[in-house]
Amino acid sequence: MTTGLPARPAPLVLAAPSGTGKTTIAHALVEGSVDFVFSISVTTRPARKGERDGVDYEFVGRETFLRLAEGGELVEWAEVHGNLYGTRRRVVEEARDRGKHPVLDIDVQGARQIKERIPEAVLVFVFPPSGEVLRSRLTRRGTEDPAEVRRRLQTAHREMEEVVRFDYIVVNETLESAVARVREIVTSEGHRVSRMLGLEGEVARIRDDIERILADA
Ligand code: ADP
Ligand code: 5GP
């Protein structure tokens with residue numbers, strides 16, 4: 001940071017219609033980075049082939065999920081495509097305490113709750129280049145059958161309207177450019193005056209310097 005002032009890391013929320021590529025972007029950001037940590041969500045959705053409990057998601061039963069929600073342990077939660085998904089408050093706070101940005105790969109309902117509860121969070125809406133590209137990414141991922149792909153496209157049609165509630169848009173054309181744009185956003189946000197810790201002391205230090213120079217001249 002050019003000011004040399006520390007800023008408390010903000011949660012980075014990546015939301016987008018399913019199939020746009022937010023999970024891919026989130027993992028690319030986190031991989032080999034000391035600044036970002038993936039926020040592992042709790043879900044009642046059954047694990048897909050290749051998904052690992054405690055790595056991709058924390059897979060739980062509906063009863064456990066509702067107990068966590070009622071106990072106030074989730075900073076946000078929502079029902080998406082018939083399953084419950086939520087973010088543990090502890091996961092977000094621990095990352096921030098360790099000086100890292102928690103990266104939340106969540107839906108638009110969850111993003112809205114995060115902004116209400118953590119106003120300093122940075123909300124990025126990942127934009128598909130076109131409806132056709134979205135359809136093709138959803139189909140090629142091969143994790144949903146054609147009926148489910150159609151259902152997700154219907155949800156996407158509705159979710160696109162939510163973009164106005166976000167702070168930034170990043171079009172996921174190529175993965176490299178999308179990841180670079182997200183990094184730029186986080187870097188710029190780190191320079192926000194409102195995020196600076198110890199700003200008053202730093203201002204006083206420079207003013208003292210100037211006063212000494214003026215007195216000596
Ligand atoms: P989401 O998390 O938004 O549902 P995923 O990250 O699972 O989406 O991505 C959906 C599919 O699109 C995956 O098969 C992924 O490999 C592919 N994908 C993601 N980003 C890109 C990109 N920039 N270019 C081409 N394919 C992509
Ligand atoms: P999938 O089942 O494809 O992994 O995820 C379906 C949707 O749920 C995606 O839009 C994903 O971002 C969202 N999601 C994943 N984790 C969470 C979470 O913790 N909270 C909310 N609100 N949505 C989530």
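These values consider heavy atoms only, across backbone and side chains, with no hydrogens, waters or symmetry-generated copies. Positions are given from 1 along the sequence. Values in this document were obtained by computation on a predicted structure and should not be read as measured data.
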In this structure, CD of E148 is separated from CG of L153 (nearest 0.5 Å) by 10.0 Å
Non-hydrogen atoms of V91 and I40 that approach each other most closely
CG1-N, 4.2 Å
V75 side chain near E93 side chain, heavy-atom distance below 4.5 Å
no
Shortest non-hydrogen contact from I114 to A121?
CG2-CB, 3.7 Å
Indicate yes or no for a side-chain donor-acceptor contact from R96 to the backbone of P9 under 3.5 Å, with no hydrogens or angles considered.
yes
Say you draw a straight line from OG1 of T155 to CZ of R150; how long is it, rounded to the nearest 0.5 Å?
11.5 Å
Are the side chains of L29 and L12 in touch, meaning some heavy atoms are under 4.5 Å apart?
yes
Rounded to the nearest 0.5 angstrom, the CD-CG distance for E162 and L123 is 10.5 Å
Is V108 reachable from L104 through a run of hydrophobic residues whose side-chain heavy atoms are each under 4.5 Å from the next?
yes
Between E120 and R195, does the salt bridge (Lys or Arg N to Asp or Glu O under 4.0 Å) criterion hold? Intermediate values first, please.
CA-CA 8 Å; E120 68 272 27; R195 294 190 193 281; over 6 Å; no
Measure the spacing between CG of N83 and OG1 of T44 and express it to the nearest 0.5 Å.
4.5 Å
Decide whether Y57 and L66 are clustered together by the hydrophobic rule: side chain heavy atoms of Ile, Leu, Val, Met, Phe, Trp, Tyr closer than 4.5 Å, transitively.
no
Should R135 and E144 count as an ion pair when the cut-off is N to O under 4.0 Å?
no
What's the spacing between W77 CH2 and T43 OG1 if we round to 0.5 Å?
12.0 Å
Roughly how far, to the nearest 0.5 Å, is CD of E79 from CZ of F65?
9.5 Å
Close side-chain approach of P6 to L197, heavy-atom, < 4.5 Å:
yes
Might you confirm whether atom CZ of R192 has over 12 heavy atoms from other residues, nucleotides or ligands at distances under 6.0 Å?
no
Steps toward side chain to side chain contact (heavy atoms under 4.5 Å, CB included) verdict (R183, F36)
CA-CA 10 Å; R183 282 189 192 284; F36 298 96; 3.6 Å; yes
Return yes if some donor-acceptor pair links the side-chain N/O of R137 with the main-chain N/O of T20 below 3.5 Å, else return no.
yes
So which atom in F125 and which in P17 form the shortest heavy-atom distance, rounded to 0.1 Å?
CZ-CD, 3.9 Å
Does the pair E159/R152 count as a salt bridge with the N-to-O cut at 4.0 Å?
no
N-O pairing of D209 and R212 below 4.0 Å
yes
Give a yes or no on whether H157 atom NE2 has more than 12 heavy-atom contacts from other residues, nucleotides or ligands under 6.0 Å away.
no
Are V34 and V186 linked, directly or through intermediate hydrophobic residues, by side-chain heavy-atom contacts shorter than 4.5 Å (ILVMFWY only)?
no
Could you pull out the closest heavy-atom pair between S18 and L134, with the gap in Å?
O-CD1, 3.5 Å
For E63, I'd like to know if atom CD has over 12 heavy atoms of other residues, nucleotides or ligands within 6.0 Å.
no
Please check this pair: side chain of K22 against backbone of A16, looking for a donor-acceptor N/O pair closer than 3.5 Å.
yes
Walk me through whether D97 and R8 qualify under side chain to side chain contact (heavy atoms under 4.5 Å, CB included).
CA-CA 8 Å; D97 291 346; R8 181 161 162 77; 3.3 Å; yes
Test: K115 and D167 ion pair at under 4.0 Å
yes
Sub-3.5 Å donor-acceptor pair from the side chain of E173 to the main-chain atoms of P129, do we have one?
no
Counting only N and O atoms by type, is there a donor-acceptor contact under 3.5 Å from the side chain of H101 to the main-chain atoms of A10?
yes
Whether over 12 other heavy atoms sit under 6.0 Å from R48 CZ:
yes
On a heavy-atom basis, which atom in G82 and which in R151 lie closest, and how many Å separate them?
N-NH2, 3.8 Å
Any chain of hydrophobic side-chain contacts (each under 4.5 Å) joining V42 to F59?
no
Write down the atom of A111, the atom of V13, and the distance for their closest heavy-atom approach.
CB-CG1, 3.8 Å
Neighbour count above 12 (heavy atom, 6.0 Å) for E116 CD:
yes
Given side chains that start at C-beta, do those of Y168 and E184 come closer than 4.5 Å, heavy atoms only?
no
same_hphob_cluster(L74, I106) at 4.5 Å side-chain heavy-atom cutoff
no
Identify, with sequence neighbours excluded, every residue that meets side-chain hydrogen bond (donor to acceptor under 3.5 Å, both in side chains) alongside T64.
none
SB check E76 R117 (cutoff 4.0 Å)
no
